[in-house]
Amino acid sequence: MKKELKVSAIKNGTVIDHIRPGKALEVVRLLNLENYEDSVTVAMSVRSSLHKTKDIVKIENRELSEDEVNEIALIAPESTINIIKDYEVVEKRKIELPDVIKGILTCMNPNCISRKEGSSKFIVEKREPVVLRCYYCERLMEEGEILKRLRI
Ligand code: CTP
Ligand code: ZN
């Protein structure tokens, strides 16, 4: 007997692949997939190469917005977004955390000018784990706070 059950392919939708192990549930929460009406498959700690594992999230019949992709970049950089149409991968995109992040998050400093202007800008200070620095007031934002602000 073959002691392996492969996660099945999807017909149409999005596969977020190569998610850093342990981050799949954060991606699920970020995209609010608990309340999604179609199928969602989550695979955790799947072997991806001899010494590496990964998480995968497959969402049937859904495409991601640019904002959602940028939010995923904050919690699971290095993952890959695959668009599936009629069982074929028609688009593959590696998600990179950019050097500068505009919008998405609000600065934690209540007196920050960006709060009055309503437009934020952060410099990526550190990548693993992520630390952002507000471009306007220099206030640092760490991963825990980023997750909270993304409502994860
Ligand atoms: N996939 C899927 N349903 C399909 C096609 C692909 O769920 N109809 C999934 C695959 O299981 C894989 C991801 O989408 O997790 C990317 O598919 P593919 O590009 O075929 O795999 P790889 O070549 O292994 O991708 P990579 O090079 O990015 O590792
Ligand atoms: Zn600020």
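The structure presented is a predicted model; accordingly, all values stated were derived computationally and were not measured. We count ligands from 1, going down the list as the structure has it; atoms in each ligand are counted the same way.
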TODO: Run the salt-bridge test on K23 and E143 with the 4.0 Å N-O cut-off and return the result as yes or no.
DONE: yes

Open item on the list: So, regarding T80 and ligand 1 (criterion: nitrogen or oxygen to nitrogen or oxygen, under 3.5 Å), is there a contact or not?
Closed with: no

TODO: Consider only side-chain heavy atoms of I, L, V, M, F, W and Y, link residues closer than 4.5 Å, and tell whether I10 and I81 are in one cluster.
DONE: no

TODO: Just to the nearest 10 degrees, tell me the angle at the Zn ion (ligand 2) spanned by C107 SG and C112 SG.
DONE: 120°

Task: ligand 1 N/O within reach of K58 N/O, cut-off under 3.5 Å - done: yes

Open item on the list: Among all the protein's heavy atoms, is there at least one whose distance to atom 17 (O) of ligand 1 comes out below 4.0 Å?
Closed with: yes

Task: Protein heavy-atom partner closest to atom 20 (O) of ligand 1 - residue, atom, separation in Å - done: V89 CG2, 3.9 Å

Task: Those atoms of ligand 1 less than 4.0 Å from some heavy atom in K92 - done: 16 (C), 18 (P), 19 (O), 25 (O), 26 (P), 27 (O), 28 (O)

TODO: Just jot down the ligand 1 atoms closer than 4.0 angstrom to any heavy atom of A9, in number order.
DONE: 2 (C), 3 (N), 4 (C), 7 (O), 8 (N)

Open item on the list: Quick test of your reading of the model: are K85 and E63 salt-bridged, counting only N-O distances below 4.0 Å?
Closed with: yes

Task: Opening angle between SG in C137 and SG in C134, taken at the Zn ion (ligand 2), to 10 degrees - done: 110°

Open item on the list: Can you name the atoms of ligand 1, numbered from 1 with element, that are less than 4.0 Å from a heavy atom of N82?
Closed with: 13 (C), 16 (C)

Task: For atom 12 (C) of ligand 1, closest protein heavy-atom neighbour - done: D17 OD2, 3.4 Å

Open item on the list: I'd like to know if R127 pairs up with D99 as an ion pair, taking the criterion as any Lys NZ or Arg NE/NH1/NH2 lying under 4.0 Å from an Asp or Glu carboxylate oxygen.
Closed with: yes

Task: Closest approach of any protein heavy atom to atom 14 (O) of ligand 1, naming residue and atom - done: V15 CG1, 3.5 Å

Open item on the list: Can you tell whether the side chains of R93 and E66 come within less than 4.0 Å, N to carboxylate O?
Closed with: yes

- [ ] Please lay out, stage by stage, how L132 and I123 fare under the test side chain to side chain contact (heavy atoms under 4.5 Å, CB included).
- [x] CA-CA 6 Å; L132 305 178; I123 311 297; over 6 Å; no

Task: N/O separation below 3.5 Å, H18 to ligand 1 - done: yes

Task: Donor-acceptor pair, side chain of D55 and main chain of S45, under 3.5 angstrom - done: yes

TODO: Return a yes/no value for I56: is any of its N or O atoms, backbone included, closer than 3.5 angstrom to an N or O of ligand 1?
DONE: no

Open item on the list: Using a strict threshold of under 4.0 Å (side-chain N to carboxylate O), is an ion pair present between R139 and E145?
Closed with: no

- [ ] Hey, could you give me the CG/CG distance between N12 and D86, rounded to the nearest 0.5 Å?
- [x] 6.0 Å

Task: Shortest heavy-atom approach to atom 8 (N) of ligand 1 - which of V46, D86, V7, I10 - done: I10

